[in-house]
Peer 1: 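Take a look at the following structure, please.
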Amino acid sequence: MKLVQLAGAVTALALLGGAQAQQPIVLKFSHVVTDDTPKGKGAIRFKELAEAKTKGRVKVEIYPNSQLYKDREELEALQLGAVQMLAPSVSKFGPLGVRKFEVFDLPYMFADESSLERVVGGPVGAELFKLLEPKGIVGLAYWFNGFKEFSANKPLRKLDDFKGLKIRIQSSKILEGEIKAFGAIPQVMAFSEVYTALQQGVVDGEENTPSNKYTQKMHEVQKHMTMSDHGVVMYAVVVNKKFWDGLPADIRKNLSEAMRDSTRYVWDIAKKENDDALAKIKAAKTTEVYALPPAEKAAWRKAMLPLYREHEGAVGKDTLEAIERTVAQSSAKK
Ligand code: LMR
(Lines give C-alpha, C1' and ligand atoms only; values in the text may rest on other atoms or scores of the structure.)
Protein backbone atom coordinates (compact mmCIF):
# COMPACT_ATOMS: atom_id res chain seq x y z
CA MET A 1 0.00 0.00 0.00
CA LYS A 2 1.55 3.42 -1.04
CA LEU A 3 2.52 5.89 1.79
CA VAL A 4 -0.06 8.46 0.61
CA GLN A 5 -2.85 5.79 0.67
CA LEU A 6 -1.66 4.75 4.14
CA ALA A 7 -1.68 8.37 5.35
CA GLY A 8 -5.13 8.85 3.83
CA ALA A 9 -6.28 5.72 5.68
CA VAL A 10 -4.75 7.06 8.94
CA THR A 11 -6.65 10.36 8.60
CA ALA A 12 -9.91 8.55 7.77
CA LEU A 13 -9.41 6.17 10.72
CA ALA A 14 -8.67 9.09 13.07
CA LEU A 15 -12.00 10.65 12.02
CA LEU A 16 -13.88 7.33 11.79
CA GLY A 17 -12.64 6.21 15.24
CA GLY A 18 -14.57 9.01 16.88
CA ALA A 19 -17.85 8.38 15.01
CA GLN A 20 -18.00 4.56 15.28
CA ALA A 21 -16.73 3.63 18.73
CA GLN A 22 -17.21 7.03 20.50
CA GLN A 23 -13.48 7.01 20.63
CA PRO A 24 -12.26 10.56 20.73
CA ILE A 25 -10.92 12.09 17.55
CA VAL A 26 -7.15 12.23 18.07
CA LEU A 27 -5.41 15.48 17.10
CA LYS A 28 -1.63 15.21 17.16
CA PHE A 29 0.04 18.63 17.70
CA SER A 30 3.80 18.47 17.05
CA HIS A 31 6.27 21.32 17.58
CA VAL A 32 9.98 21.99 18.09
CA VAL A 33 10.20 24.07 21.29
CA THR A 34 9.85 23.13 24.96
CA ASP A 35 6.61 23.38 26.95
CA ASP A 36 8.07 26.32 28.88
CA THR A 37 7.80 28.81 25.98
CA PRO A 38 5.01 30.98 24.51
CA LYS A 39 4.25 28.31 21.89
CA GLY A 40 4.63 25.41 24.33
CA LYS A 41 2.21 27.03 26.77
CA GLY A 42 -0.13 27.94 23.93
CA ALA A 43 -0.30 24.33 22.80
CA ILE A 44 -1.12 23.18 26.34
CA ARG A 45 -3.80 25.86 26.66
CA PHE A 46 -5.28 24.82 23.30
CA LYS A 47 -5.38 21.18 24.48
CA GLU A 48 -7.20 22.12 27.68
CA LEU A 49 -9.73 24.32 25.88
CA ALA A 50 -10.27 21.92 22.96
CA GLU A 51 -10.91 18.93 25.19
CA ALA A 52 -13.20 20.96 27.45
CA LYS A 53 -15.20 22.59 24.63
CA THR A 54 -15.65 19.29 22.77
CA LYS A 55 -16.50 17.51 26.03
CA GLY A 56 -13.81 14.96 25.34
CA ARG A 57 -14.84 14.18 21.75
CA VAL A 58 -11.38 15.40 20.72
CA LYS A 59 -8.13 14.28 22.36
CA VAL A 60 -5.13 16.56 21.71
CA GLU A 61 -1.75 14.82 21.92
CA ILE A 62 1.12 17.34 22.13
CA TYR A 63 4.62 16.31 20.95
CA PRO A 64 6.99 19.16 21.92
CA ASN A 65 10.71 19.73 21.47
CA SER A 66 11.05 17.91 18.10
CA GLN A 67 10.12 14.63 19.80
CA LEU A 68 8.34 13.44 16.65
CA TYR A 69 9.69 15.61 13.82
CA LYS A 70 12.32 18.26 13.22
CA ASP A 71 11.66 21.51 11.33
CA ARG A 72 11.52 20.33 7.74
CA GLU A 73 10.03 16.88 8.43
CA GLU A 74 7.12 18.26 10.41
CA LEU A 75 5.60 20.06 7.41
CA GLU A 76 5.87 16.89 5.31
CA ALA A 77 4.30 14.88 8.12
CA LEU A 78 1.42 17.38 8.29
CA GLN A 79 0.79 17.14 4.55
CA LEU A 80 0.74 13.34 4.82
CA GLY A 81 -1.64 13.48 7.77
CA ALA A 82 0.78 11.74 10.14
CA VAL A 83 0.13 14.68 12.47
CA GLN A 84 -2.85 17.03 12.38
CA MET A 85 -1.53 20.33 13.76
CA LEU A 86 1.74 22.32 13.83
CA ALA A 87 2.86 25.86 14.65
CA PRO A 88 6.03 26.40 12.63
CA SER A 89 7.83 29.71 12.49
CA VAL A 90 6.70 31.74 9.46
CA SER A 91 10.39 31.66 8.41
CA LYS A 92 10.06 27.98 7.51
CA PHE A 93 7.47 27.90 4.72
CA GLY A 94 9.95 28.63 1.91
CA PRO A 95 10.89 24.94 1.40
CA LEU A 96 7.15 24.25 0.95
CA GLY A 97 7.21 26.69 -1.98
CA VAL A 98 5.44 29.49 -0.09
CA ARG A 99 8.17 32.12 0.28
CA LYS A 100 5.75 35.04 0.79
CA PHE A 101 5.69 34.35 4.56
CA GLU A 102 9.32 35.43 4.61
CA VAL A 103 8.11 39.03 4.42
CA PHE A 104 8.06 38.85 8.23
CA ASP A 105 11.82 38.14 8.17
CA LEU A 106 12.72 41.59 6.82
CA PRO A 107 14.92 43.05 9.58
CA TYR A 108 13.65 45.95 11.64
CA MET A 109 10.23 45.97 9.98
CA PHE A 110 8.37 45.86 13.31
CA ALA A 111 9.20 48.11 16.27
CA ASP A 112 6.58 46.49 18.50
CA GLU A 113 4.30 43.47 18.61
CA SER A 114 1.03 45.44 18.40
CA SER A 115 1.73 46.56 14.82
CA LEU A 116 2.62 42.96 13.94
CA GLU A 117 -0.61 41.69 15.52
CA ARG A 118 -2.57 44.23 13.46
CA VAL A 119 -0.88 43.05 10.26
CA VAL A 120 -1.57 39.34 10.80
CA GLY A 121 -5.09 40.05 12.07
CA GLY A 122 -5.88 41.85 8.79
CA PRO A 123 -6.01 41.10 5.02
CA VAL A 124 -2.27 40.32 4.80
CA GLY A 125 -2.54 37.52 7.34
CA ALA A 126 -5.58 36.04 5.58
CA GLU A 127 -4.02 36.38 2.12
CA LEU A 128 -0.93 34.44 3.21
CA PHE A 129 -3.00 31.62 4.70
CA LYS A 130 -4.81 31.20 1.37
CA LEU A 131 -1.45 30.26 -0.21
CA LEU A 132 -1.28 27.17 2.00
CA GLU A 133 -4.58 25.64 0.88
CA PRO A 134 -3.22 24.20 -2.41
CA LYS A 135 -0.56 22.49 -0.25
CA GLY A 136 -3.28 20.65 1.71
CA ILE A 137 -2.83 22.93 4.72
CA VAL A 138 -5.25 25.31 6.47
CA GLY A 139 -3.96 28.28 8.49
CA LEU A 140 -5.86 28.86 11.74
CA ALA A 141 -3.97 31.59 13.64
CA TYR A 142 -0.72 33.47 14.15
CA TRP A 143 1.09 33.09 17.45
CA PHE A 144 3.88 35.36 18.67
CA ASN A 145 7.10 34.53 20.48
CA GLY A 146 9.23 37.66 20.54
CA PHE A 147 12.04 39.77 19.11
CA LYS A 148 15.32 38.17 18.00
CA GLU A 149 18.69 38.92 19.55
CA PHE A 150 22.08 37.87 18.26
CA SER A 151 24.53 35.77 20.24
CA ALA A 152 28.05 34.48 19.62
CA ASN A 153 31.26 33.68 21.49
CA LYS A 154 32.67 37.13 20.77
CA PRO A 155 31.13 40.58 21.43
CA LEU A 156 28.79 41.80 18.63
CA ARG A 157 28.81 45.58 19.02
CA LYS A 158 29.60 46.79 15.48
CA LEU A 159 28.62 45.47 12.03
CA ASP A 160 32.29 44.58 11.51
CA ASP A 161 32.17 42.21 14.48
CA PHE A 162 30.08 39.82 12.34
CA LYS A 163 32.70 39.48 9.57
CA GLY A 164 33.32 35.81 8.71
CA LEU A 165 31.20 34.39 11.52
CA LYS A 166 29.01 31.36 10.79
CA ILE A 167 25.51 32.19 11.99
CA ARG A 168 22.68 29.64 12.24
CA ILE A 169 19.40 30.64 10.60
CA GLN A 170 15.99 29.20 9.84
CA SER A 171 15.30 28.08 6.25
CA SER A 172 14.56 31.55 4.84
CA LYS A 173 16.15 33.26 1.81
CA ILE A 174 15.62 36.67 3.44
CA LEU A 175 17.44 35.56 6.59
CA GLU A 176 20.26 34.32 4.34
CA GLY A 177 20.42 37.80 2.82
CA GLU A 178 20.25 39.40 6.27
CA ILE A 179 23.26 37.45 7.58
CA LYS A 180 25.24 38.15 4.41
CA ALA A 181 24.38 41.86 4.80
CA PHE A 182 26.04 41.66 8.23
CA GLY A 183 29.13 40.22 6.48
CA ALA A 184 28.65 36.82 8.09
CA ILE A 185 28.00 33.31 6.68
CA PRO A 186 24.43 31.98 6.99
CA GLN A 187 23.91 28.31 7.92
CA VAL A 188 20.42 26.81 7.77
CA MET A 189 19.91 24.24 10.54
CA ALA A 190 17.03 22.53 12.34
CA PHE A 191 16.23 24.14 15.69
CA SER A 192 16.89 20.92 17.62
CA GLU A 193 20.46 20.81 16.29
CA VAL A 194 21.47 24.37 17.26
CA TYR A 195 22.69 23.76 20.84
CA THR A 196 25.13 21.00 19.81
CA ALA A 197 26.29 22.96 16.74
CA LEU A 198 27.11 25.96 18.97
CA GLN A 199 28.78 23.75 21.57
CA GLN A 200 30.97 22.07 18.94
CA GLY A 201 31.72 25.28 17.03
CA VAL A 202 29.97 24.09 13.85
CA VAL A 203 28.40 27.55 13.96
CA ASP A 204 29.67 30.58 15.90
CA GLY A 205 26.35 32.20 16.71
CA GLU A 206 22.62 32.44 16.16
CA GLU A 207 19.64 34.77 16.31
CA ASN A 208 16.62 34.01 18.45
CA THR A 209 14.33 35.14 21.25
CA PRO A 210 15.55 35.01 24.86
CA SER A 211 12.85 32.39 25.52
CA ASN A 212 14.20 30.05 22.81
CA LYS A 213 17.82 30.67 23.81
CA TYR A 214 17.18 29.98 27.50
CA THR A 215 14.92 26.91 27.09
CA GLN A 216 17.41 25.32 24.68
CA LYS A 217 20.31 26.23 27.04
CA MET A 218 22.07 28.13 24.23
CA HIS A 219 23.25 30.73 26.78
CA GLU A 220 25.49 28.01 28.28
CA VAL A 221 27.45 27.84 24.99
CA GLN A 222 27.34 31.52 23.99
CA LYS A 223 29.52 34.04 25.84
CA HIS A 224 27.92 37.15 24.32
CA MET A 225 24.40 38.31 23.45
CA THR A 226 23.43 41.61 21.84
CA MET A 227 19.91 43.01 22.33
CA SER A 228 19.48 43.99 18.66
CA ASP A 229 15.71 43.37 18.39
CA HIS A 230 16.38 43.05 14.64
CA GLY A 231 13.57 40.61 13.78
CA VAL A 232 10.67 38.53 15.11
CA VAL A 233 9.88 34.90 15.76
CA MET A 234 6.22 34.38 14.89
CA TYR A 235 4.27 31.22 14.17
CA ALA A 236 1.51 30.09 11.84
CA VAL A 237 -0.74 27.53 13.51
CA VAL A 238 -1.72 25.14 10.71
CA VAL A 239 -3.76 21.96 10.31
CA ASN A 240 -4.02 19.20 7.74
CA LYS A 241 -6.83 20.36 5.36
CA LYS A 242 -8.38 16.88 4.85
CA PHE A 243 -8.54 16.37 8.62
CA TRP A 244 -9.99 19.84 9.24
CA ASP A 245 -12.58 19.71 6.45
CA GLY A 246 -13.54 16.18 7.55
CA LEU A 247 -14.43 17.19 11.11
CA PRO A 248 -18.08 17.41 12.20
CA ALA A 249 -19.13 21.08 11.98
CA ASP A 250 -19.76 21.45 15.72
CA ILE A 251 -16.34 20.05 16.55
CA ARG A 252 -14.66 22.40 14.07
CA LYS A 253 -16.51 25.31 15.72
CA ASN A 254 -15.34 24.20 19.19
CA LEU A 255 -11.75 23.89 18.01
CA SER A 256 -11.87 27.29 16.30
CA GLU A 257 -13.03 28.86 19.57
CA ALA A 258 -10.32 27.03 21.50
CA MET A 259 -7.77 28.31 18.95
CA ARG A 260 -9.10 31.89 19.20
CA ASP A 261 -8.77 31.89 23.02
CA SER A 262 -5.36 30.20 23.11
CA THR A 263 -4.13 32.65 20.49
CA ARG A 264 -5.14 35.58 22.70
CA TYR A 265 -3.35 33.86 25.58
CA VAL A 266 -0.09 33.43 23.62
CA TRP A 267 0.08 37.07 22.50
CA ASP A 268 -0.65 38.13 26.09
CA ILE A 269 2.12 36.03 27.71
CA ALA A 270 4.85 36.36 25.04
CA LYS A 271 6.58 39.50 26.34
CA LYS A 272 6.72 38.29 29.97
CA GLU A 273 8.00 34.87 28.86
CA ASN A 274 10.90 36.59 27.11
CA ASP A 275 11.56 39.11 29.89
CA ASP A 276 11.69 36.24 32.41
CA ALA A 277 14.00 34.21 30.16
CA LEU A 278 16.33 37.19 29.72
CA ALA A 279 16.47 37.64 33.50
CA LYS A 280 17.36 33.95 33.89
CA ILE A 281 20.09 34.24 31.23
CA LYS A 282 21.55 37.23 33.07
CA ALA A 283 21.30 35.41 36.41
CA ALA A 284 23.15 32.40 34.97
CA LYS A 285 26.19 34.64 34.38
CA THR A 286 27.30 32.53 31.41
CA THR A 287 26.53 35.23 28.82
CA GLU A 288 27.39 38.92 28.77
CA VAL A 289 24.24 40.73 27.64
CA TYR A 290 24.89 43.95 25.70
CA ALA A 291 22.20 46.54 25.00
CA LEU A 292 22.78 47.87 21.45
CA PRO A 293 22.83 51.71 21.59
CA PRO A 294 20.16 53.44 19.43
CA ALA A 295 22.77 54.99 17.09
CA GLU A 296 24.34 51.61 16.35
CA LYS A 297 20.90 50.01 15.98
CA ALA A 298 20.08 52.70 13.39
CA ALA A 299 23.29 51.79 11.51
CA TRP A 300 22.33 48.10 11.50
CA ARG A 301 18.84 48.97 10.31
CA LYS A 302 20.27 51.09 7.49
CA ALA A 303 22.56 48.24 6.41
CA MET A 304 19.52 45.96 6.11
CA LEU A 305 17.34 48.29 4.00
CA PRO A 306 18.57 47.02 0.58
CA LEU A 307 16.99 43.66 1.47
CA TYR A 308 13.52 45.23 1.18
CA ARG A 309 13.98 46.04 -2.49
CA GLU A 310 15.99 42.87 -3.23
CA HIS A 311 13.17 40.62 -2.02
CA GLU A 312 10.20 42.76 -3.06
CA GLY A 313 9.44 40.41 -5.95
CA ALA A 314 9.43 37.27 -3.80
CA VAL A 315 7.25 38.67 -1.01
CA GLY A 316 5.05 40.85 -3.23
CA LYS A 317 5.25 44.65 -3.53
CA ASP A 318 1.58 45.00 -2.53
CA THR A 319 2.02 42.86 0.57
CA LEU A 320 5.12 44.78 1.61
CA GLU A 321 3.41 48.14 1.10
CA ALA A 322 0.30 46.97 2.97
CA ILE A 323 2.47 45.98 5.94
CA GLU A 324 4.46 49.22 5.84
CA ARG A 325 1.18 51.19 5.80
CA THR A 326 -0.17 49.33 8.84
CA VAL A 327 3.12 49.75 10.71
CA ALA A 328 3.15 53.49 9.91
CA GLN A 329 -0.47 53.84 11.09
CA SER A 330 0.37 51.96 14.32
CA SER A 331 3.31 54.17 15.18
CA ALA A 332 1.31 57.31 14.20
CA LYS A 333 -1.25 56.26 16.83
CA LYS A 334 1.42 56.18 19.58
C1 LMR B 1 13.89 28.53 15.29
O2 LMR B 1 14.05 27.61 14.48
O3 LMR B 1 14.83 29.22 15.70
C4 LMR B 1 12.50 28.83 15.81
O5 LMR B 1 11.63 28.94 14.78
C6 LMR B 1 12.04 27.72 16.69
C7 LMR B 1 10.62 27.98 17.16
O8 LMR B 1 9.72 27.25 16.74
O9 LMR B 1 10.46 28.92 17.93
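Values below: all heavy atoms of this structure, side chains included; hydrogens, waters and symmetry mates excluded. As the structure lists them, so they are numbered: ligands from 1, and atoms in each ligand from 1.
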Peer 1: Of all the heavy-atom pairs spanning Pro38 and Glu273, show the shortest one and how long it is.
Peer 2: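 It is CG-CB, 3.8 Å.
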Peer 1: Which residue supplies the protein heavy atom nearest to atom 5 (O) of ligand 1, what is that atom called, and how far is it?
Peer 2: Gln170 OE1, 2.8 Å
Peer 1: Does a sphere of radius 6.0 Å around NZ in Lys53 hold more than 12 heavy atoms from other residues, nucleotides or ligands, not counting ones at 6.0 Å or beyond?
Peer 2: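 Atom NZ in Lys53 is crowded, with more than 12 foreign heavy atoms closer than 6.0 Å.
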Peer 1: Check whether NZ of the Lys or CZ of the Arg Lys217 lies under 6.0 Å from the centre of the six-membered ring of Tyr195 and within 45 degrees of that ring's axis.
Peer 2: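 Verdict for Tyr195: no cation-pi partner in Lys217.
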Peer 1: Does the ring centre of Trp300 sit less than 6.0 Å away from the ring centre of Phe162?
Peer 2: yes
Peer 1: Any heavy-atom pair between the side chains of Lys39 and Val266 that's under 4.5 Å?
Peer 2: no
Peer 1: Is His31 touching ligand 1 with its side chain, its backbone, both, or neither, if touching means heavy atoms under 4.0 Å apart?
Peer 2: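 Neither part.
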Peer 1: Applying a heavy-atom cut-off of 4.0 Å, say which part of Asn212 lies close to ligand 1: side chain, backbone, both or neither.
Peer 2: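 Contact part for Asn212 vs ligand 1: side chain (C-beta onward).
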Peer 1: Within 45 degrees of the axis of the six-membered ring of Tyr290 and under 6.0 Å from its centre: does Arg157 put its NZ or CZ there?
Peer 2: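 So Arg157 does make the cation-pi contact.
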Peer 1: What part of Asn208 sits under 4.0 Å from ligand 1 if we count only heavy atoms: the side chain, the backbone, both or neither?
Peer 2: side chain
Peer 1: Using a 4.0 Å cutoff against the non-hydrogen atoms of Val33, which atoms of ligand 1 qualify?
Peer 2: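 Those qualifying, in numeric order: 7 (C), 8 (O), 9 (O).
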Peer 1: Given that the side chain starts at C-beta and the backbone is N, CA, C, O, which of these parts of Lys39 lies under 4.0 Å from ligand 1, counting heavy atoms, or is it both or neither?
Peer 2: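 Under 4.0 Å from ligand 1, Lys39 contributes side-chain atoms alone.
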Peer 1: Does a salt bridge link Arg99 with Glu102, judged by any charged N lying under 4.0 Å from a carboxylate O?
Peer 2: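 Judged by the 4.0 Å cut-off on N to carboxylate O distance, Arg99 and Glu102 do form a salt bridge.
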Peer 1: Where's the contact between Arg168 and ligand 1, heavy-atom distance under 4.0 Å: side chain, backbone, both or neither?
Peer 2: side chain
Peer 1: Which of the numbered atoms in ligand 1 are under 4.0 angstrom from any heavy atom belonging to Lys92?
Peer 2: 1 (C), 2 (O), 4 (C), 5 (O), 6 (C)
Peer 1: Would you mind checking which non-hydrogen protein atom is closest to atom 9 (O) of ligand 1, with the distance to 0.1 Å?
Peer 2: Tyr235 OH, 2.5 Å
Peer 1: Enumerate the atoms of ligand 1 whose separation from the nearest heavy atom of Ser89 is less than 4.0 angstrom.
Peer 2: 5 (O)
